[in-house]
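Along the sequence shown, residues are numbered consecutively beginning with 1.
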Amino acid sequence: MLNRLVQWTQQQGPLRAQILADPYYRFQSLAEVALAAELGVSIDVNQASVDDWLRLPGLSIHQARQLVQLTQNGVQFYAIEDVAAALSQPVQRMQPLAAVMQFCYYDQESIALAPAFNLNAASVEQLMAIPEMIPSLARNIIRDRIAHGPFHNLADLQRRLNLSGETTQILLPYLRC
């Protein structure tokens, strides 16, 4: 037992760096979740993507999709008990994961919470509903998606279409993958 503790402590240095450097690092254990919480890593449960949920050990892709679908349909989680209920899991099982969960609340009527369109499924018409979207960019998104396959994330969109940081920042609240 002591040897495992010493070994884990020695691994923490590189692990700390990896957790801080990789926003998609998948935690392998509850100890890593606790370390991530200690480092200030958090997941906004009401804005989390499938990738965000998959960072947590023990959550399946099906469960991650289910949670994202609920939030996209207007459900807000106010506490760990809500997440556990949505997954039909005992609260005790979910409780250790709460260390990295952040429960932020959003006004559904707020302009700041504009609908986000799936970059890999949105039509030109949907993309044109985004403020400051120009027709040529909307068409280029569709063309590139057809020619080169789905976008992996917004950084992939920026790279593939050679968008400026300013343009990407404007689009950020309105698009998801």
Side-chain angles (χ1 to χ4, degrees), residues 14-27 32-33 35-56 59 61 63-78 82-83 86 97-177:
L15 182 60
R16 281 176 180 267
Q18 187 173 9
I19 288 172
L20 289 172
D22 184 358
Y24 296 106
Y25 177 78
R26 291 188 178 184
F27 308 120
E32 287 186 12
V33 170
L35 176 60
E38 188 180 302
L39 295 170
V41 172
S42 66
I43 296 171
D44 179 349
V45 299
N46 289 310
Q47 293 290 307
S49 67
V50 170
D51 286 332
D52 293 329
W53 285 113
L54 287 176
R55 295 183 75 188
L56 302 175
L59 259 66
I61 185 94
Q63 290 172 317
R65 286 180 180 152
Q66 182 179 348
L67 292 169
V68 169
Q69 185 175 16
L70 285 168
T71 57
Q72 287 175 348
N73 289 331
V75 173
Q76 288 197 42
F77 300 113
Y78 297 101
D82 296 339
V83 176
L97 303 177
V100 293
M101 290 185 189
Q102 185 177 27
F103 293 88
C104 297
Y105 312 108
Y106 299 92
D107 175 12
Q108 294 299 326
E109 302 301 319
S110 171
I111 294 173
L113 189 62
F117 296 104
N118 183 332
L119 188 54
N120 293 313
S123 67
V124 170
E125 293 78 22
Q126 288 173 316
L127 292 173
M128 287 304 302
I130 296 172
E132 302 193 37
M133 175 66 77
I134 58 174
S136 61
L137 178 55
R139 287 190 301 270
N140 285 343
I141 289 171
I142 303 297
R143 278 190 208 122
D144 191 273
R145 184 176 72 201
I146 291 168
H148 303 288
F151 295 98
H152 300 290
N153 51 45
L154 294 176
D156 189 33
L157 169 73
Q158 181 183 26
R159 181 187 54 76
R160 286 168 47 177
L161 296 182
N162 198 27
L163 300 176
S164 69
E166 182 181 338
T167 300
T168 305
Q169 183 174 357
I170 291 168
L171 297 176
L172 193 63
Y174 304 102
L175 297 173
R176 62 181 171 76
C177 289

Run Arg139 and Ile134 through side-chain contact (heavy atoms from CB on, under 4.5 Å) and show every step you take. CA-CA 9 Å; Arg139 287 190 301 270; Ile134 58 174; over 6 Å; no
Report the C-alpha distance between Gln102 and Ile43 in whole Å, list the side-chain angles of each, state the deciding distance to 0.1 Å, and finish with yes or no for side-chain contact (heavy atoms from CB on, under 4.5 Å). CA-CA 6 Å; Gln102 185 177 27; Ile43 296 171; over 6 Å; no
Given side-chain contact (heavy atoms from CB on, under 4.5 Å), test Phe77 with Leu70 step by step and report yes or no. CA-CA 9 Å; Phe77 300 113; Leu70 285 168; 4.1 Å; yes
Apply the test side-chain contact (heavy atoms from CB on, under 4.5 Å) to residues Gln158 and Leu154: give CA-CA distance (whole Å), side-chain angles for both, the deciding distance (0.1 Å), then the verdict. CA-CA 6 Å; Gln158 181 183 26; Leu154 294 176; over 6 Å; no
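To the nearest 0.5 Å, atom CZ of residue Arg55 and atom CG of residue Leu97 are 12.5 Å apart. In this structure, Leu163 CG and Leu171 CG are separated by 7.0 Å, a value rounded to the nearest 0.5 Å. Here the straight-line distance linking atom CZ of Arg159 with atom OG1 of Thr168 works out to 12.5 Å at 0.5 Å rounding. Distance check: Thr71 OG1 to Gln76 CD gives 9.0 Å after rounding to the nearest 0.5 Å. Separating the CG atom in Leu161 from the NE2 atom in His148 is a distance of 9.0 Å, to the nearest 0.5 Å. Atom-to-atom distance recorded for Tyr25:OH and Leu15:CG is 4.5 Å, nearest 0.5 angstrom.
Panel note: side chain Asp52, backbone Ser49; a donor-acceptor pair is recorded below 3.5 Å. Judged purely by atom type and a 3.5 angstrom limit, Arg176 has no side-chain atom pairing as donor or acceptor with the backbone of Phe117. Under a 3.5 Å cut-off, the side chain of Gln47 and the backbone N or O of Asp44 do not form any donor-acceptor pair. When atom types are taken as modelled, the side chain of Asp144 and the backbone of Asn140 share no donor-acceptor pair closer than 3.5 angstrom. In this structure, Glu132 contributes its side chain and Ile170 its backbone to no donor-acceptor pair below 3.5 Å.
A 4.5 Å side-chain heavy-atom check between Phe103 and Asp82 finds every atom pair outside the cut-off. Residues Leu56 and Met101 form a side-chain contact, since some pair of their non-hydrogen atoms from C-beta on lies under 4.5 Å apart. Under the 4.5 Å side-chain criterion, counting only non-hydrogen atoms from C-beta, Val83 is in contact with Trp53.
Surrounding CD of Gln69 are at most 12 heavy atoms belonging to other residues, nucleotides or ligands under 6.0 Å away. Heavy-atom neighbours of Gln72 CD from other residues, nucleotides or ligands within 6.0 Å: above the threshold of 12.
The nearest pair of heavy atoms linking Ala36 to Ile19 is CB-CG2, 4.1 Å. Across all their heavy atoms, Ser123 and Ile142 have their closest contact at C-CD1, 4.2 Å. Pairing each heavy atom of Ala99 with each of Ala37, the nearest pair is O-CB, 3.4 Å. The two residues Ala86 and Gln66 make their nearest non-hydrogen contact at O-NE2, 2.8 Å.
Checked against Leu137 for a side chain to side chain contact (heavy atoms under 4.5 Å, CB included), the options Thr167, Ile130, Leu127 give a single hit: Thr167. When each of Val45, Asn46, Leu59 is paired with Leu67, the side chain to side chain contact (heavy atoms under 4.5 Å, CB included) condition holds for Leu59 and for no other.
Geometrically, Arg160 engages Phe151 in a cation-pi contact, judged by NZ or CZ lying under 6.0 Å from the ring centre and within 45° of the ring axis.
At a threshold of 4.0 Å, the pair Glu38-Arg16 counts as salt-bridged, since one of the basic side-chain nitrogens sits closer than that to a carboxylate oxygen.
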